[in-house]
Amino acid sequence: MPFDALAPPRPQPTPRAGRRQVAAMLLLGMLICVSASAAGRAVLGVSLLADLLGALAFACVLLPLLVRPVPALHAPVAPAAPALATPPAGLPAPAPHAAPAVAAELLRYREVAGILQAQVDNAIAETEGAALGLIQDLNALDAAARELMADLAQAEAGAAGSNQEGQADVESMRHAMEALRARLAQRAMQIEADRTVYERIAQEAEGFAQAIGDISRIATQTRLLALNATIEAARAGEAGKGFAVVAQEVRELAGQSAKVADGVNTGLIRLRELMRARMSDALDTEADHQLLDGAQGQAAGAAAAFARIAAGAGAVLTSTGEHGQRISGHITQALGAMQFQDIVRQRLQQVAEAIERIGLHAGWLAEALHERRSVESVEATLLRRMEDSYVMHAQRQVHGNAAGQAGPAIELF
Amino acid sequence: MKPVMLVDDSPTMLASMASVLTQAGQPVEKAKSAEDALSQLKSMQPLRAMITDYHMPGMNGAALVREMRKLPAYRFLPILVLTTESEQSKRDEARGAGATGWLVKPVAPDKLLEVLRQVAPG
């Protein structure tokens with residue numbers, strides 16, 4: 001902002017300078033120090049501290065100079081000059097030769113004010129750049145968090161689907177095993193029925209074996225009888241030749257009967273062995289049941305483990321999703337907190353304008369020293385203008401003139 | 001959803017508030033001054049609401065509200081003034097100009113969204 005825009009109407013020379021003038025100078029020096037110090041603490045950091053300490057030292061040097069009598073200030077143009085001849089209680093009188101040096105130094109305050117203002121402007125620009133960078137990063141972070149939550153939701157849905165499919169598979173397996181168990185039970189009943197039949201057949205076969213033994217014995221006896229008939233036929237000579245032939249036939253038939261009986265007996269033995277083997281196979285169904293029980297138990301254990309894993313994964317996904325929601329909420333709060341930069345910017349701009357006015361005022365004081373004009377008061381030139389420039393309740397509070405309470409932060413008309 | 005127009009000379013405020021609203025699923029249009037806002041409105045789809053700063057170079061927020069109320073399309077548009085200003089006279093000026101509400105910076109994002117839902121449902 002140009003100096004001219006801030007400049008109030010030039011002060012007209014007045015006869016009164018005196019103690020008010022000295023006090024105004026002192027107050028100006030201290031105000032510069034305080035304002036610059038505040039700005040330095042708020043914005044520029046430690047590097048400016050030395051400059052501010054220098055300004056403070058200058059004000060301290062200025063104090064003994066100004067409180068001494070300055071004849072130039074009490075020239076005829078200032079009828080009320082005797083006020084300066086009476087320095088404030090406890091202060092020595094101003095030194096008369098100090099006025100030109102003081103004026104020269106005061107003129108440099110414009111330079112100091114310009115530097116400070118540039119520093120503040122630079123700090124505002126830096127905070128704005130940093131705030132915009134932070135907002136950009138927060139937006140990127142929020143986008144990543146939202147993407148993560150979308151992935152988690154997808155994973156959660158997938159896990160739930162897999163869990164349902166797994167449970168369905170396990171249920172299907174359980175049904176298959178139950179069907180197999182029923183089938184085995186049915187088969188066991190069939191085997192038991194077969195066993196009864198086989199035992200009856202075995203008993204019948206045993207009866208056949210005895211009959212076949214009888215047939216074999218009869219065949220042996222018949223063969224012996226045929227042999228005796230052959231002997232008796234030989235003994236009868238020519239008359240027994242025909243009977244000898246019959247006896248021979250009977251003996252051969254007896255031999256054939258014995259062979260048939262042996263064959264039937266052999267068949268019965270094989271039949272019993274087959275039935276025994278079949279009954280032995282039937283006994284193995286008990287082992288099948290045991291295997292089935294084991295498999296069913298393992299399947300149930302696997303299903304339970306699967307359910308536990310799915311539940312654990314679901315809990316992790318849910319918890320992670322909740323964390324993501326909280327992160328997103330914090331990001332939103334942080335984005336809202338970026339308003340601080342605008343608030344700080346406005347306060348710093350107000351400080352910068354005050355610094356500018358201080359420099360301007362210092363120039364007027366220097367001119368007043370040279371031209372023996374009256375001095376525009378700090379009250380009118382600085383303090384009131386500062387008050388007029390405030391927009392925030394906090395600014396007025398700092399200044400100590402906040403009237404009443406601030407209105408509600410949110411008001412709907 | 002109709003957009004909310006943000007009017008503020010501070011780039012930080014525009015970016016911050018735009019991010020808050022966008023994250024809530026609210027489309028946003030931005031203007032860096034009252035004059036810029038009025039210019040954009042000539043070729044813009046209907047708005048859900050407007051949130052404007054008070055102190056801006058050129059036309060201030062209250063004057064913008066006054067100009068908006070002259071336009072038939074925006075006579076009843078909810079307009080919130082979001083500002084650091086605490087002076088009651090400025091607040092009264094905005095109310096007289098036809099503003100819907102007054103919010104003092106900094107405003108919490110959830111409060112801003114709540115007020116927006118209140119003055120501009122849907």
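Here the structure is a predicted model, which means the values were calculated and not measured. Throughout, protein chains are lettered first and strands after them, A, B, ... in sequence-line order, and every chain is numbered starting at 1.
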Picking from [options], which has the most non-hydrogen pairs under 4.5 angstrom with chain A?
options: Pro109(B), Ala94(B), Ala108(B); value: Pro109(B)
options: Gln88(B), Lys90(B), Glu87(B); value: Glu87(B)
options: Pro78(B), Ala24(B), Pro106(B), Ala15(B); value: Pro106(B)

Inset, instruction - Using atom types as modelled and distance alone, determine if a side-chain donor or acceptor of Gln339(A) lies under 3.5 Å from a backbone N or O of Val107(B). - result: yes

Inset, instruction - Would you confirm whether Thr100(B), through its side chain, and Phe413(A), through its main-chain N or O, come within 3.5 Å as a donor-acceptor pair? - result: no

Legend entry - Interchain contact, Ala99(B) with chain A, by part (heavy-atom threshold 4.5 Å): both

Inset, instruction - Using non-hydrogen atoms and a 4.5 Å limit, figure out which bit of Leu80(B) sits close to chain A: side chain, backbone, both or neither. - result: side chain

Legend entry - Minimum heavy-atom distance between Asn139(A) and Ser19(B), given as atom pair plus value: ND2-OG, 2.8 Å

Inset, instruction - Identify the two heavy atoms, one from Ser328(A) and one from Gln23(B), that lie closest to each other, and give their separation to 0.1 Å. - result: O-OE1, 4.3 Å

Legend entry - Short side-chain donor-acceptor distance under 3.5 Å, Thr12(B) and Arg345(A): no

Inset, instruction - Could you tell me whether Lys30(B) atom NZ has more than 12 heavy atoms of other residues or ligands within 6.0 Å of it? - result: no

Inset, instruction - Using the test side chain to side chain donor-acceptor pair (under 3.5 Å), find all partners of Thr84(B) that sit at least two apart in sequence or belong to another chain. - result: Gln346(A)

Inset, instruction - Carefully, step by step, assess Gln333(A) and Asp110(B) under the rule side-chain contact (heavy atoms from CB on, under 4.5 Å). - result: CA-CA 8 Å; Gln333(A) 291 299 320; Asp110(B) 53 344; 4.2 Å; yes

Legend entry - Contact leader toward chain B among Met338(A), Gln136(A), Arg146(A), where contacts are heavy-atom pairs under 4.5 Å: Arg146(A)

Legend entry - Straight-line distance of Leu412(A) CG to Gln118(B) CD, nearest 0.5 Å: 5.0 Å

Inset, instruction - Test Ser16(B) against Gln341(A) for side-chain contact (heavy atoms from CB on, under 4.5 Å), laying out the working first. - result: CA-CA 10 Å; Ser16(B) 166; Gln341(A) 194 277 331; over 6 Å; no

